[in-house]
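In listed order, ligands and their atoms are each counted from 1. Positions are given from 1, in the same order as the sequence printed here.
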Amino acid sequence: MSKEELNKESKEENINVNENNEDNILSKNEKDDENNEENDEIEDKEEKEENIKTDLIKIDKEKQKEKKSKNINNQLTKIKNHTKKESKPSFYEINKEKLNLLIPKLFPKDKTSIQKSILSHIEHTLGSSKYDIKNSSLFFSTSSTIKNILLSRMKTTEEFITKKGAKKIHYMSIEFLLGRLLQNSLVCLELENNYKEALFDLGVKLEELYDEEKDPALGNGGLGRLAACYMDSLSTMNYPGYGYGIRYDYGIFRQVIQNFEQKELPDYWLKNGNPWESINLDTKYTIRFYGYCRDSIVNGKKYRKWCGGDEILAIPYDIPIPGFKTYNCNALRLWKSFPIEEFNFDMFNKGDFSSSINDKNSANYITSVLYPNDNSLNGRELRLKQEYFFCSATIQDIIKKYKKLKLPWKDFHKYNCIQLNDTHPTLAIIELLRILMDEYYLDYKDAFKIVKKSFNYTNHTVLPEALEKWGADIFKKILPRHLELIYLVNFVFLEEIKIKYPNNNEKLSKLSIIEESNPKQIRMANLCIISSNKVNGVAKIHSNLIRKKLFNDFYELSPKKFTNVTNGVTPRRWIHCSFPELSNLLTEYNDNKNDWLGELDILMDLPDKLTKSSKKKEFMEKYKKAKLCAKLRLKNYVKKYCDIDIDEHFMFDIMVKRIHEYKRQFLNCLYCVYKYLSIKKMTMEEKMKLNKRVTFFGGKSAPGYILAKNIIKLINIIANKINNDEEVNPYFKIIFIPDYKVSTAEIIIPAADISQHISTAGTEASGTSCMKFVMTGSIILGTSDGANIEIAEEIGENNIFLFGKKVDEVAQIREELKNGKRNYISDNLKECFDALYLNKFGDTNFIHDYLNGLQNGGDYYCTCHDFEEYIKIQEKVDKEYQDKEKWDNICFENICHMGFFSSDRCVQNYANDIWKIKPIEVPKPDDEN
Ligand code: NBG
C-alpha cells in the first residue's frame, strides 16, 4: 500500500449509527451490510421502475396524453407491489413434497444392498472399471457408502440441536490424531458383521480393506489423540459438540530407521483421497495478517479498526463423527487455507508464471504441515499464523451460527462453550474480544464478561519448555490489534491485582501476561487463565501440581476456577477395534451383549459373575488364546517391517510413546544394557531359569531434538548387538518398531504382557497409553506419576508394579543437585556407563557427553536415582510372570476395573462441571429405512 493510501486509510472514520447496546445484536457493521443489501434492492427497483415509467409514458403519449401523472403513480404502486410478491420460491419450497421421496434411503443393511451400494460407488464415485477392482478402490467405495449415512446423520443432528436451542461445546485443538475411521464407523453403526459378510461374499476380507486406509495423523501424541477420543465420546454420549482444528496436508512425518538413526519422510496422507471429509464451499471466512490499527469514530465514540495487511480464506472440511449406538453424529470441522484470488493473471499474462502463483502458495503454506513437536514449543512465525488462522475461522463460524438465533450478545455463553485444548488456541479468546469490540462495538467490560463466561482451558503439561510464549515483537508484526487487546486485558487485570496486593511487584510480575524480558514475551497460559471460566489439569497429581506449583498465584487468587478431569480413552477403538478377540470374548460372557462398550463400568461385575456360574476357567482358557492371537499379530508385523523373528512365548515388554528425556526411555535402555551384561556373566543353569523377554520400543522424536534422536540411535545400536549375540538372544531381544502411530499402536498395545510408563514423578501430566495397555490385558510397570496413580487406585496397588522416587522426593533431589551435591551412581549403573564408554555395543560416542552430564549434577530427571529400584522391580516382574495363571488373572481383573478411564466418563465430567451442557438424543432420521 502506498503512503498516500495509508494516510487516506488512517484518517479517522466518522460513522453515525443508532445508540448501540449489548442487547442489540445487530451492530453497525451488520447494519452496513443490511443497508448495502437494501441499497442494491432499491437500485434494482429504481431501474425497473425507470423502465416501466418510460414504457408508461410512451403509452401515455400515444393514447391519452391528457392523463395526469397521478395515474402513472397509481400504476407504479401496483407494479411495485407486484414485483415484491414475485420473489422466487426456494428449491426446497418447490420440491417440499417430493424431496423425501426423491432422496434415496441411504442405509444399506442387508448383504445385497451393501454390495450394490459399494459397487455403485466403484462405478459412479470413483469411475473405476469393474474389470479391475483393487482393494484401494474397494476401501474408498466401502467408506463412501458409510460416509453417506453419516453425512445425513450429521446434518440431522445439527438441525435438531439448533431447533432445540441447545448449548453447544466447541472443542478447539490444533491436533486431532483420529486414526483410521472405517472400522470405528462400522462399529458405531453396528454394521461390522453385515459388511464383513457382504464383502466376504465377494471374496474380500474386510480386515484387508481396513489396512488400505492411511492414518490421518494430524497430531503428535497424547494431546491430539485425547482430542480424538473426546470427539468419539461426545457423539456417543449425545452431547451437542463440534471439534475445530486444522486440515494439514502433511500430518506427522513418517519415521524410518537408517543406520540406527531416525530419518523423517513426508507422509502425504491425502495421496489416495480422503473418503470421510466433505469440503463446505458455502462457508468461507477471511483471515487477516499484518496490517495496522487505526481509530474510527462511531456515534462520537472512539473505536479501533484493524486494516491493511494480507488476507486469505479459511474453508472448512467436515468429517462426521458417529457415536456408538446413537443417531447423534457431530462434526469435526478442519480448516484449510486458500488464497483469496487463485493467482495473479496480470503477472501470468506478462509471462512471470512463478510470481503469479506466489500469493496462492503463501496462502496454501499456512495449513500445509503439522509442526512435529510434542511437549515443546517451536516459536516460528508460521506456527503463530496457523494458530491465529484456525482461531479466527472458528470464532467467525461460532458467531455466524449464533447470529442466526437472533439472540442478544449477553446470552452468548448460554448457547456456546469453548474448550481450549492446551494454549495453542488461546488467540480465540482475543479474536472473540476483538470482534465484539471492533465490529459490534461492545465496550470492553461487556465484551470481556462474555469471553470469560464462554472459555475454559485445559493444561496438558508442566514442562517449562512446552509452555507457550510468544515474543511481543512477532505479535506486533502479524497481529497488531491482538497485541493491543492483550495489553488491555493485562492492564485491567493488573489494576485489580494492585488493589488486592498493594505494593507487591513480585506478585504483579508473576501474574502478568507479559514477561518483561527483551523482547517482551506473551505468556499464553496466563492469558488463558485470566480469560477463562475454568482451568483443568488432566490427572489428579497434575491438577494438584498446577494448583500448588505451576499456577499457584492464580490458584490463590481464584481457587474455585481450578479443577481436575482425569483423561480417558475410548473403549471402542482401544478395546474393540484393536483387540477384537478380547472384545468378542467379553461380549460373549456378558450374555452376548456388547453394551459394555458404551458403558465400561458394566464389566466390573463380570469376574464375580463368571466365578459364580463356574465359567471362570473356561473363560480364562479363551482369554489366553485371545492374547496369543494379539501376540502373533505383533510377531508377524515385526517380521514384516523389521525382518526379525521373535517367539510369541517370550514375555512381551513394551514401551511406546514419544521419545523424550522426561519419559525416560533412556532408563529402560540402561536396564537393557544391565540385563545384557548380567546374562553374559551367567552360567547355563542360571540362563535356563531366566524369564525370556522381548523388549519393544517405539516412538518418534521431534526432528530438532538431538538428545531424543540420540536415544533412538542408542536403542537401535544396543538392539543390534543383543539380537545378534547368540549367547543372549535365546533369552532376550530388543525391537525398535519404526513409525509408531495410531494404526501401529492398535497392533502393538494388545500384544503386551507388561508395559512401561516410567516418567520422572511429576512430569507426565497424565499419559493415556497406560490406560489402553491395561484395558487390553497387560500390567503396568511404572512410576507414581500421571494417571498411573489413579489406575493403581482403581485396580489395587498389588496389580501394578510401581517404583521410583515420589514427586516430593524428586523436588528434594533436584534441590540437592542444584546445591552441588554429587549424583548417586550405583555399582550396577557404573558398570553400564563403562560399557557404553568402552563402546561395547558399537560406536556410542555420541552419548558420552550425556553420560558425563548425568554424573556431574545434570540428572534433572533422576534417572540415576531411580536405577536401583528399577532393577529390583524388573526382577519382581520376571519372577511374577512365572506364575502365568495368576498373571492372566490379574490382567483380566484389571480390564474389568477400568471403567473410570473410559473417555465417556471424561466428557460427562466436562459436561456437568465445566461446560454445563446436557445430552440431546437425536431421533431416528426420516431418511433412514
Ligand atoms: C500431553 C501430556 C500427556 C497427556 C496428554 C493428554 C502435551 C502438551 N501434553 O501426559 O504430556 O496424557 O497431553 O492430556 O502434549
Query - Exercise: do Asp904 and Ser233 side chains pair donor with acceptor under 3.5 Å - result: yes
**Report entry** Check: Asn567 N/O within less than 3.5 Å of ligand 1 N/O
**Finding:** yes
Requested in this report: Determine whether the side chains of Asp249 and Ser368 contain a donor N or O and an acceptor N or O closer than 3.5 Å.
Outcome: no
Query raised in the report: When you measure from atom 14 (O) of ligand 1 to every protein heavy atom, which one gives the shortest distance, and what is it?
Result: His460 ND1, 2.6 Å
Requested in this report: Could you tell me which atoms of ligand 1, counted from 1 in the order shown, lie closer than 4.0 angstrom to a heavy atom of Ala765?
Outcome: 10 (O)
Query - Protein heavy-atom partner closest to atom 10 (O) of ligand 1 - residue, atom, separation in Å - result: Glu764 OE1, 2.6 Å
Query raised in the report: Tell me: protein heavy atom nearest atom 15 (O) of ligand 1, and distance?
Result: Leu223 CB, 3.5 Å
Report summary line: The answer for which part of Thr458 has a heavy atom under 4.0 Å from ligand 1 is neither
Query raised in the report: Is atom NZ of Lys214 surrounded by more than 12 heavy atoms (other residues, nucleotides or ligands) closer than 6.0 Å?
Result: yes
Requested in this report: Kindly write out the residues that satisfy side-chain hydrogen bond (donor to acceptor under 3.5 Å, both in side chains) with Arg380, not counting sequence neighbours, or none if the list is empty.
Outcome: none
Query - Distance-only donor-acceptor check, side chains Thr563 and Asn536, under 3.5 Å - result: no
Query raised in the report: To which protein heavy atom is atom 7 (C) of ligand 1 closest, and what is the distance rounded to 0.1 Å?
Result: Asn375 ND2, 3.7 Å
Query - Interatomic spacing from CD1 in Ile780 to CG in Asn894 - rounded to 0.5 Å - result: 8.5 Å
Report summary line: The atoms of ligand 1 lying under 4.0 Å from a heavy atom of Tyr662, numbered in the order shown, are 11 (O)
Query - His542-Asn564 side chain donor-acceptor pair, cut-off 3.5 Å - result: no
Report summary line: among protein heavy atoms, the one nearest atom 4 (C) of ligand 1 is Gly767 N, 3.7 Å
Requested in this report: May I ask you to check if ligand 1 and Asp422 share an N or O to N or O distance below 3.5 Å?
Outcome: no
